[in-house]
Amino acid sequence: DYWIKFESLIANDLIKKGFHVILIVKKSNSSKYLKYNFKSNQISIIFLDRYTNLFYPFKIFDINNISDLKLFSYDGADVGKLVISSIKNFVLNEKISFNFSQKIRINLLVNLSLKYFYSYQRIINLYKPKLIIATEKGDIGSGELYDIAIKNSIDFVQWSSCHQPQSIILKRYNKLNKGVHPFSVSKNSLSNFDFSKINLDQEILKFFEDGYVKGDWFSYKKLLDSKIIYSRNQFCKEFNLTISKKNIVIFSHVLNDANLFYGKDIFEGGFAEWLIETIKFISNMDEVNWIIKMHPANVYRNKNLGIEDNNLEVKLLLKEIGYIPKNILFIPPDSNINPYSFFNIADVGITVRGTIGAEMPCFGIPMITAGTGRYSDLGFTIDPKSKDEYFEILKNILNINKLEESKINKARKHAYLFFKSRVFGYKNIFRDNLADSSLIDNKIDVIDHDYSNSDIFKSLINFLIHSKQEDYLNTKF
């Protein structure tokens with residue numbers, strides 16, 4: 001109900017302003033979409049299954065490995081990536097055998113994606129929209145519309161739930177930024193934003209304290225309940241680490257996270273290959289303390305997927321190299337360590353493109369990235385361009401020192417825009433119950449029935465229909 005109601009609030013305001021709104025509903029029996037005052041003659045409701053049920057010829061494609069599948073596209077649509085993101089846990093096993101049954105399975109999904117592609121293409125040709133607003137664009141049934149919009153130079157705005165409670169983030173896409181993460185901050189936003197009246201040091205400290213210490217960020221995942229903030233000394237003593245050595249923290253990703261599809265990876269096999277190859281390389285390097293922090297969202301994600309085991313990284317490691325290196329400390333996703341502790345603990349961090357890569361540099365901690373993404377090449381991370389360069393950096397990791405002030409300042413400017421200005425906070429006009437429910441069961445209520453005239457909502461509508469900027473920026477609230 002949350003997504004339906006929120007989009008209806010936007011749609012009704014656009015209708016009042018004279019726009020014709022097209023509502024695309026996947027299933028014709030989805031009466032929920034008709035509940036929230038979608039009664040204007042300025043709205044067209046389209047049931048997508050009535051298009052996809054039309055006959056389309058089944059095609060057989062010769063796809064023999066995961067690289068072929070990733071690169072498979074059709075008329076501008078990244079069909080292969082949509083197939084991968086739609087298969088639960090597919091990327092947990094990068095060496096999956098493409099036997100006959102797997103090829104049939106993949107071909108069925110490819111053809112399903114093509115049916116959606118043809119259906120969306122017919123709808124776009126018929127209605128010729130100027131703007132498309134959606135919350136999903138990375139799986140079968142949603143990504144095809146996104147690819148068609150980009151190909152036809154139609155503004156596509158994605159809105160996403162984000163770290164802050166009672167808030168969303170919005171991103172406008174076009175041909176130039178098609179592959180960037182919805183949480184990224186554009187270079188244009190960074191260069192044009194006026195930071196002159198902002199106390200970055202004070203603001204950044206408050207962001208992270210509110211997020212990690214108070215537990216505001218992603219509160220619906222309940223990831224920070226009963227967590228302990230460790231000092232460096234406490235952590236080293238608790239886990240029998242040599243306190244005089246540097247602590248190098250590798251922040252593992254959710255191995256089947258959609259983040260796999262943003263930016264370019266140094267390791268073609270994605271997050272799993274990166275983690276395995278990194279562990280292999282450092283397994284005999286004892287001059288530092290190696291710590292692998294498994295992603296806390298594994299607990300939340302696996303629960304939703306019906307997976308009881310939260311230590312998939314360890315199982316993957318045992319499968320690939322047969323043992324757990326003794327020089328590496330693994331921190332499980334359900335540990336009692338508050339993530340804020342790592343600002344006290346880490347001397348250097350390593351990630352592919354996780355959010356942590358934008359956070360640690362704010363505290364002067366260097367971050368090594370193994371792929372491009374939302375913050376690479378912005379001047380505050382170490383961004384190797386190849387595997388050889390990446391391993392050379394790891395080989396000489398003792399030579400990496402704390403960031404200089406100029407890089408810390410760049411990181412804090414980026415963090416300010418991401419954690420505060422890019423957020424559309426609606427707590428004064430709407431109220432969701434996400435903190436007390438699940439993402440699926442979340443609902444939203446209007447608390448200001450004159451919300452259309454509120455300054456914050458006006459800023460949202462202005463971004464949708466008047467602005468051409470990539471990022472929604474909340475500069476006044």
Strictly under 6.0 Å, is that where the ring centroids of [X] and [Y] end up?
| X | Y | value |
| --- | --- | --- |
| H163 | F419 | yes |
| F363 | F208 | yes |
| F251 | F342 | yes |
| F193 | F195 | yes |

**OP:** Begin from the C-alpha positions of D147 and K151 and carry the test salt bridge (Lys or Arg N to Asp or Glu O under 4.0 Å) through to its verdict.
**Re:** CA-CA 6 Å; D147 289 333; K151 178 185 175 183; over 6 Å; no
Please answer whether the main-chain N or O of [Y] pairs with a side-chain N or O of [X] as donor and acceptor at a distance below 3.5 Å.
| X | Y | result |
| --- | --- | --- |
| S189 | V185 | no |
| S167 | P165 | yes |
| Q121 | S119 | no |
| K128 | N125 | yes |
| N12 | L9 | no |
| S184 | H181 | yes |
| N99 | Q102 | yes |
| Y416 | I198 | no |
| N152 | I154 | no |
| S386 | E389 | yes |

Side-chain donor-acceptor pair present, [X], [Y], cut-off under 3.5 Å:
| X | Y | value |
| --- | --- | --- |
| S376 | D383 | no |
| Q469 | N188 | yes |
| Y390 | E277 | no |
| T135 | Q158 | no |
| S459 | N462 | no |
| Y118 | Y74 | yes |
| Y173 | D155 | no |
| S85 | D139 | no |

Original post:
Do NZ/NE/NH1/NH2 and the carboxylate oxygens of K387 and E273 come within less than 4.0 Å?
Top reply: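 Judged by the 4.0 Å cut-off on N to carboxylate O distance, K387 and E273 do form a salt bridge.
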**OP:** Run the salt-bridge test on R353 and D265 with the 4.0 Å N-O cut-off and return the result as yes or no.
**Re:**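 Judged by the 4.0 Å cut-off on N to carboxylate O distance, R353 and D265 do form a salt bridge.
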[X] versus [Y]: any side-chain heavy-atom pair under 4.5 Å?
| X | Y | value |
| --- | --- | --- |
| V352 | F271 | yes |
| P333 | H295 | no |
| K103 | F61 | no |
| L23 | I46 | no |
| S421 | N474 | no |
| D68 | L71 | no |

Heavy atoms only: give me the nearest [X]-[Y] pair and the separation to one decimal.
| X | Y | result |
| --- | --- | --- |
| L378 | H414 | CD1-CD2, 3.6 Å |
| S454 | D448 | CB-OD2, 4.4 Å |
| A134 | F156 | CB-CZ, 3.7 Å |
| F380 | K407 | CB-O, 3.4 Å |

**OP:** Take F183 and I169 through the test side-chain contact (heavy atoms from CB on, under 4.5 Å) and record every step on the way to the result.
**Re:** CA-CA 7 Å; F183 288 2; I169 277 182; 4.1 Å; yes
**OP:** Return yes when atom NZ of K17 has more than 12 non-hydrogen atoms of other residues, nucleotides or ligands closer than 6.0 Å, and no otherwise.
**Re:**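 Correct, the count exceeds 12.
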Subject >> K385 atom NZ: more than 12 heavy-atom contacts under 6.0 Å >> reply: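 Yes, NZ of K385 has more than 12 neighbouring heavy atoms, counting only those of other groups under 6.0 Å.
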**OP:** Apply the test side-chain contact (heavy atoms from CB on, under 4.5 Å) to residues I456 and Y426: give CA-CA distance (whole Å), side-chain angles for both, the deciding distance (0.1 Å), then the verdict.
**Re:** CA-CA 7 Å; I456 185 66; Y426 51 73; over 6 Å; no
Original post:
Only one of R374, K171, K187, R172 clears salt bridge (charged side-chain N to carboxylate O under 4.0 Å, His left out) with D471; which?
Top reply: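 Filter result, single survivor: K171.
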Subject >> I106/V110 under side-chain contact (heavy atoms from CB on, under 4.5 Å): CA gap, chis, key distance, verdict >> reply: CA-CA 6 Å; I106 289 167; V110 167; 4.1 Å; yes
**OP:** Name the orientation class of the two ring planes belonging to F6 and F424 (parallel below 30°, tilted from 30 to 60°, perpendicular beyond 60°).
**Re:**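 Perpendicular, since the angle between the ring planes exceeds 60°.
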